[in-house]
Amino acid sequence: MQLVSRAGGKSERVTVDRQHGIYVVEIGGVRHEVDTRALGPWVMSLLVGGESHEVAVVRAGEGVYSVDWRGRSFEVELVDPLTHLAEISRGAAGKQGKKIVKAYMPGRVVDVRVKTGDRVEVGQAMVVLEAMKMQNEIQAERSGIVSRLFVSAGEAVEGGDPLVEID
Amino acid sequence: MQLVSRAGGKSERVTVDRQHGIYVVEIGGVRHEVDTRALGPWVMSLLVGGESHEVAVVRAGEGVYSVDWRGRSFEVELVDPLTHLAEISRGAAGKQGKKIVKAYMPGRVVDVRVKTGDRVEVGQAMVVLEAMKMQNEIQAERSGIVSRLFVSAGEAVEGGDPLVEID
Amino acid sequence: MIPFRKVLIANRGEIAVRILRALREKNIRGAVVYSDADRESLAVLAADEAYRIGPAPSRESYLKAEELVDLAVRIGADAIHPGYGFLSERAEFSRLCRDRGVVFIGPSPEAIGAMGGKVEARNRMIAAGVPVVPGSPGALPDVESARTFAATIGYPVIIKASSGGGGKGMRVARNDAELAEGYRLARAEAGASFGDDAVFLEKYVERPRHIEIQILGDHHGKVVSLGERECSLQRRHQKVVEEAPSTVVTPELRRRMGEAAVAAAKAVGYTNAGTCEFLLDATGNFYFLEMNTRLQVEHPVTEMVTGLDLVIAQLEIAQGQPLGPEFDDVVPNGHAIEVRLYAEDPFRRFAPSPGKIQRLRLPQGPGVRNDSGVFGGSEISIHYDPMISKLIVWGRDRAESLRRLGRAIEELRIVGIRTNVPLFQALLANADFLAAQFDIHWLDRKLESGELAPQGGDEIPEIAVIAAAIAHYERSQRQAGELPQGEGHPSGWRALARRDARRGGGGC
Amino acid sequence: MIPFRKVLIANRGEIAVRILRALREKNIRGAVVYSDADRESLAVLAADEAYRIGPAPSRESYLKAEELVDLAVRIGADAIHPGYGFLSERAEFSRLCRDRGVVFIGPSPEAIGAMGGKVEARNRMIAAGVPVVPGSPGALPDVESARTFAATIGYPVIIKASSGGGGKGMRVARNDAELAEGYRLARAEAGASFGDDAVFLEKYVERPRHIEIQILGDHHGKVVSLGERECSLQRRHQKVVEEAPSTVVTPELRRRMGEAAVAAAKAVGYTNAGTCEFLLDATGNFYFLEMNTRLQVEHPVTEMVTGLDLVIAQLEIAQGQPLGPEFDDVVPNGHAIEVRLYAEDPFRRFAPSPGKIQRLRLPQGPGVRNDSGVFGGSEISIHYDPMISKLIVWGRDRAESLRRLGRAIEELRIVGIRTNVPLFQALLANADFLAAQFDIHWLDRKLESGELAPQGGDEIPEIAVIAAAIAHYERSQRQAGELPQGEGHPSGWRALARRDARRGGGGC
């Protein structure tokens, strides 16, 4: 299976194949033999060569996986090579056009600091959410123009609810 | 729901009913209000009156449940009152006619100490099973006549395999 | 002495579980209350009795003083343990218990009240000879009076606006010249900002450490100190890591601080467990900050180095038992560190990360203690403090307990929510932390400057790509129906959907 | 000293995990081997590296000495830790490691060999002045010679058939008259049973306790004693509960037994961790039984009362480091108890109870330590020892650690397999155990007599009927399709079927 991984800002060619119970994963030309076991939902034990790794993998979206490893979480996106090329050609790789910023926890919106049409930079605070007696700034995960606002101050939101759309 | 519980050699009338989220269980005329929660598979939290109990319930057969509570396991059989009466009348209550003694773990049969037709008493060793480098006597759980032998010395058995039938 | 037969815990989470353990060891029945958000909590599972107290919000449940005392009376509880937070430091709750004939496991309402008001507490401490941060009694009319007062308390000093706040109208002065200049500026700024240019002087404590002394007082007039805890590592005044003993506290300083804490407690007729918080400056001067009139979150580090059980001590004191000789002249044995595990995401400015803990495996083995309020399957609600568990390690010295901490952090598995574990990983890689070189501002400074940014924040380890690729492969195979039964990880992927569909937990 | 960079663990289960913890704290890479039955074990998850060694049966996997050493060489491991059991006490394995240039973390093959043979060991101990059970050098031709020898060692004595066994031809004598009588009967019986009527005399040790001394020896000639462990509670020679210190060992006796153990170790040039097992009689006489030339299962109780980490000590010794002053004159601090949790059913004569642990929640909190080899979802295989976890508690005295043990046992949750927990519940309710009044035969006697039969074995608590009734109700409702979604416990019941269908585990 031919893929392109997009994670941490860089993309690499990835091939995955299963040969009698063992996975062969090639990343940027380097070959890994991987013995895997599912330890119930979410958690996998991987033996890569001799190295033992316990990971938790959750599907976060179409082709997007969040991988927990050693107390940290990493997001990895996998697309097929053609899609990747197409996106590069229209300069959209790692961008996927419009981006909807969601509430990553339930809470109450106490402040909305942007309006549609505003230009926002990465890390800029757009919405302030209150939960667990703390105020939390929801920041722009990429730069762009605010094309849509889904909430206004005082509203209660659930985790996952859309807050702002950036184009 | 009307039931008769048969456990630890004694039987009692039991009624179970669910009223807006709360269970009402009557045992031998005593009424218990029970708030229950499932903590994933097997495990239940029960609040009986104010008392908090964490139990694990596993179905061990038709109407038979094994309940783990405070490090111990208890077997409870539930039948409908008519079946119970019928069985009493033919003096079979708590007996269920033929009883098949099963291997409660995988292992190898090293000795069979009874033959069909033998009379066995409760606790009498019938089969010796070897597992985990230890020899374990499989005993008669009730008295009766050995009506059938399923294994012979040297055979390997899986947990749950029938060993002896007592009538 | 009245032996308790049943105690009601007016709290939740890990501290409720902690108290239940002590009750069980004392063979006293433990009853808890639960809000609708906590019906399936570890505390309810571990309790002998559990009673619903109200909906999720604290003010409708764990803060309902009247209902709690009514319940205690109804179920025949001899006493109420308030834990920390919630009602634990409300004088009126302590009084309410007393009025209703239920023992409050903590100090008297008078003692709580006396320590509750900042001004009253400060004055009583001064009267008791407990050192406080020296300050001018009132406003200083002119630079002369300021210079005179500065001379009495010594430099450095800080000039503050009487009606000020938020840093406005504040100036630090290290000598007469700076004082004259600062006095002028401070008054001008104060006048401009607050329409009142009155200013006063205070001793400026540089790079202070937060050192607190654990004390116990019985109902027979005996008050003892169990030594200090080092709690300088704070994020926005929130303690994150605590240790005992402190690397900067000598036996002689420990004795003096202990004596001050005991004097403070005696000054207000204090009973049960309490903590005197002090600021300690670089030269060994310490100043009383405030007294916490309850059990502290970080009490386990004191337990680890003294071998004492503070909650059991609380119960025995509340039962009227005198403090025995085992509480005299306690010297710390070895070194203990506690880290607070929070359901918060250090990569998102420590935003709370509520949700379901799908998997939990706590570290075990030598020198490791967990005081946890959760299990695999627990729901972390947005209604309460996001602390889910405390990890405490012990070693013969600080170096050993640091190694144990690193090992335990490696061993810990929490799946389903984000936690502040990466912060501890970063701390364990930080030279200042390893050398215990810090003050109460250090952590905020380092987080500001990004020096404690979890290592390799952006760069993705190859193993993550490998895991994702395999998961992706299996998913597509399964969709194409090409993956034979039992191959790969059906459980992983079906379960995901399943779990979302049901309330069941992911393990114990 | 050669610092290790990587160590291979030639073992499995809890001890492999225990060793991995020590390696991580020493910042040494830990590699484990696994049989096909252990691919999903906690040891594999916790290891830095894991390699398949063979099929499930031990002789095809964990006992494959050659393959293990080959693997160590191939992966560049500096040393092999054998744990306990398996190859740990095989002199030839220690030799094989040496020959292949891999450090064996344990004593030399010579020391293992010297202590391995009962006769050679006994003679070397006698030569070293270590007390052994006195016995006649050879057969005694007549009752006269028997009486003379009895006089030298004192009554009571036991007459044994030289070629005997299984109790046949054994007679205890408490005075000359009984000796004459016993001698006659013993010879007759021996002759009849074994066709050889030769008999010899041995001191009869009445109601002995099993007291063992933990020693450490470095490669610079230093050997130290870390005090005793009380291991008298055994079921069929299988230790079940261990404590430190022993209630019957005075500081003076501790010193003498420690000196004997050190002498025993020095007599064979012993290095690394080892244990001298002694029989202790009611009058304070002790007799050398044998030396275990490895780490003991029960080493944690010594760690709990000394604050030392024995596995780390083993690593440092093997690296050539000398034993530091912290190992001198160690005195026990407080009291520790270890119970071994076995997957066996005390209601079925302790028959092994293999299967999947569906749920596991280990006790936590003050004074509790778990050395576990399993997690929720672990499969307990029939191929290995059924010990799944060790629960160790510490208290300031035995009474406190007993209370902690009771609390921890209450807290423990293991669902899916039967365990010997009911035995510990019965022990904690037994006056002799609580008073530490026992000897090595006590447990078997009490189990025989039924005095330790788990309380209320037959009588069923009401809660069990309630739980079963509710489960039954829900099941029938669901079958009738009358139970609306989300009501009751769909998860519980569907999951059951599901779980059987897949390999996934029930929690972490």
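The model shown is predicted, which means the values in this text are computed figures rather than measured ones.
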Under 4.5 Å from any heavy atom of chain D, what part of [X] do you find: side chain, backbone, both or neither?
{"X": "C/Leu402", "value": "neither"}
{"X": "C/Leu42", "value": "side chain"}
{"X": "C/Pro300", "value": "neither"}
{"X": "C/Asn333", "value": "side chain"}

Could you tell me the separation between the [atom1] atom of [X] and the [atom2] atom of [Y], rounded to the nearest 0.5 Å?
{"X": "D/Asp48", "Y": "C/Glu410", "atom1": "CG", "atom2": "CD", "result": "8.0 Å"}
{"X": "D/Arg403", "Y": "C/Ile312", "atom1": "CZ", "atom2": "CD1", "result": "6.5 Å"}
{"X": "D/Asp397", "Y": "C/Glu326", "atom1": "CG", "atom2": "CD", "result": "9.5 Å"}
{"X": "D/Ile409", "Y": "C/Arg24", "atom1": "CD1", "atom2": "CZ", "result": "12.5 Å"}

Handout entry: Minimum heavy-atom distance between C/Asp371 and D/Gly365, given as atom pair plus value
Key = OD1-CA, 3.4 Å
Exercise for the section: Could you tell me whether the side chain of C/Arg21 and the main chain of D/Gln364 form a donor-acceptor pair under 3.5 Å? Expected result: yes
Exercise for the section: Please determine, among C/Glu25, C/Glu303, C/Arg404, C/Arg396, the option with the most heavy-atom pairs under 4.5 Å with chain D. Expected result: C/Glu25
Handout entry: D/Asp328 CG: over 12 foreign heavy atoms closer than 6.0 Å
Key = yes
Completion exercise
When the 4.5 angstrom heavy-atom criterion is applied to D/Ile392 and chain C, the contacting part is neither
Exercise for the section: Determine whether D/Arg361 and C/Leu45 make a side-chain contact, defined as any pair of heavy atoms from C-beta on separated by less than 4.5 Å. Expected result: yes
